[in-house]
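Notes to accompany the following structure.
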Amino acid sequence: MLKAMDPRWQEISYEDALSRAHAPIAAILEKALEGAELGFEDGVALGQVEGDDLLALVKVADELRHRTVGDNLTYVVNRNLNFTNVCFVGCAFCGFSRGPKAKDAYFHSTGSLLAKSREAVALGATEVCIQGGLPRDLKGNYYAQLLRDIHAHLPELHLHAFSPMEISYGMEKTGLSLADHLLSLKDAGIGSIPGTAAEILDDEVRGDLSPNKLKVARWIEVIRTAHGLGIPSTSTMMYGHTERPEHWVRHMLLLRDIQKDTGGFTEFVPLGFIHSETRLFRKGHARAGSSFEEDLIVHALARLMLSDWIPNIQVSWVKLGFPGALACLQAGANDFSGTLMEESISKAAGADYGESVLPGELRAMIRTIGRVPAERYTTYKIRRVFHDADADERLPVERMPVAGHVPLGVGY
Ligand code: SF4
């Protein structure tokens, strides 16, 4: 297993790692290095590797990352705005939602969301990410009006808002067609859509996780329509619950096919299942989140399956923790996500890696793995590259098991 790998793994070249792998796995990895597109069988084989084969997968994914996007490691200065935790949908994996009468149910006013947005801009943010639960009594025009209110005061701020589930709900509530509803959001200032509510794009798995959630076909319809109207989105996948490697691969192939048609995905973000406060786990219906090896495999596999079409693979430090995120950033990923400033969804499900990180902390961590920090906008346009360390750069040592260099396979 990876934990027993040669501790000098970082000095091992991808060629050396390939020479240690079993021949069938090495052949698939070589195919990827030659630029050939990997298919379902290739992906499933890679999804189950261990030991030296896993080492080879990680090293080849890192090499492909280097060839595709170079050695800049990006992040965005952003803030999450979760406007309400009231939701009727009842997803079994969700620790965030509350009934409307729960003691800790909340619905933030537009005034307070605007104040948080202003505060974020003052702290250097270029994006707010707006998502919430689905309250039964939400007014149909709520989504567009919220965007309009923030956009009117902060026109430079990128509004990354509303999952396909919320878009679908807004469409039902307004009675508009999907395209018209999306156009009304665009007119109100939406810049892009989080590609969340994807979980695993397989209706059988979704039936176990969230039977009331939008079906795969509707998720695809929302995303394709948004892309067609010039509204880009991210793409995500939740793993570490009831799914198997073949589900990961089908999910990635589906995203790849959409991207070939629309070009509208800005990034792919694997999201490890945070289990402890969820009904799905408590009832024994899911495993306890992903293992470290699975985290590496999923990020590396994404690089190999998607690199030519979705070149940006993001880590979620909220789910992985900083050491896990830094490991995955050496296994094919190239984006550290954002500063977040506040985070409610993973925390409510049991994540304890914090809900905010400073830009200088991200940059300091990026340097520990020999890469160059670069702040980006939501769309991956680079805002500035930090070739040299500055006085703001400091490791968040209290949230890392070891200060300084974070070796893969050590400390887990
Ligand atoms: S995941 Fe979203 S839609 Fe599902 S219960 Fe939680 S808040 Fe509601």
Side-chain angles (χ1 to χ4, degrees), residues 80-108 113 128-140 142-143 146 160-173 178 181 185 193-223 233-243 251 269-283 285-286 289-290 316 318-319 340 342-351 355:
N80 276 343
L81 299 177
N82 298 128
F83 54 91
T84 183
N85 61 353
V86 176
C87 187
F88 69 84
V89 179
C91 302
F93 62 84
C94 179
F96 167 73
S97 72
R98 296 289 183 274
K101 296 200 173 119
K103 277 197 190 117
D104 52 354
Y106 66 81
F107 199 119
H108 295 310
L113 296 170
V128 283
C129 175
I130 312 172
Q131 297 184 94
L134 277 67
R136 283 196 192 278
D137 56 357
L138 197 76
K139 297 274 182 304
Y142 175 80
Y143 296 110
L146 176 60
H160 181 58
F162 311 137
S163 71
M165 182 72 190
E166 292 173 284
I167 304 260
S168 193
Y169 189 51
M171 183 192 101
E172 281 168 33
K173 284 278 180 182
L178 177 58
H181 177 52
L185 298 179
I193 294 173
T196 45
E199 333 311 355
I200 288 281
L201 292 168
D202 176 299
D203 280 329
E204 209 177 304
V205 178
R206 294 170 83 76
D208 296 335
L209 302 180
S210 45
N212 302 327
K213 212 156 193 178
L214 78 177
K215 300 280 182 272
V216 174
R218 173 53 76 90
W219 190 92
I220 295 171
E221 187 190 4
V222 172
I223 289 294
S233 76
T234 62
S235 57
T236 65
M237 178 180 85
M238 186 174 75
Y239 66 98
H241 41 90
T242 63
E243 88 296 349
H251 185 106
V269 196
L271 299 170
F273 171 51
I274 303 292
H275 65 284
S276 59
E277 299 299 322
T278 68
R279 188 159 36 92
L280 190 68
F281 175 70
R282 284 185 181 155
K283 289 198 166 175
H285 297 160
S290 53
S316 168
V318 172
K319 315 273 189 197
L340 304 188
E342 59 182 279
E343 200 289 322
S344 319
I345 295 172
S346 298
K347 191 172 71 172
E355 46 179 333

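Remember, it's 1-based here, ligands and their atoms both numbered in the order they're listed.
Remark: the Ser344 side chain and the Asn82 side chain contain an N/O donor-acceptor pair separated by less than 3.5 Å. With hydrogens and angles left out, the side-chain atoms of Ser210 and Glu199 include no donor and acceptor closer than 3.5 Å.
The distance from atom 6 (Fe) of ligand 1 to the nearest N/O/S atom of Cys94 is under 2.8 Å. Among the atoms of Cys87, an N, O or S atom is found under 2.8 Å from atom 8 (Fe) of ligand 1.
Within the 3.5 Å criterion, the main-chain N or O of Tyr106 finds a donor-acceptor partner in the side chain of Asn85.
Within the 6.0 Å centre-distance limit, the rings of Tyr142 and Phe83 are counted as a close aromatic pair.
Of the protein's non-hydrogen atoms, Cys91 N, 3.4 Å is the one closest to atom 5 (S) of ligand 1.
When the options Lys213, Met165, Glu199 are ranked by their closest heavy atom to atom 2 (Fe) of ligand 1, first place goes to Lys213.
At most 12 heavy atoms of other shown residues, nucleotides or ligands fall within 6.0 angstrom of atom CD in Glu204.
The ligand atoms of ligand 1 that sit less than 4.0 angstrom from a heavy atom of Gly90 are 5 (S).
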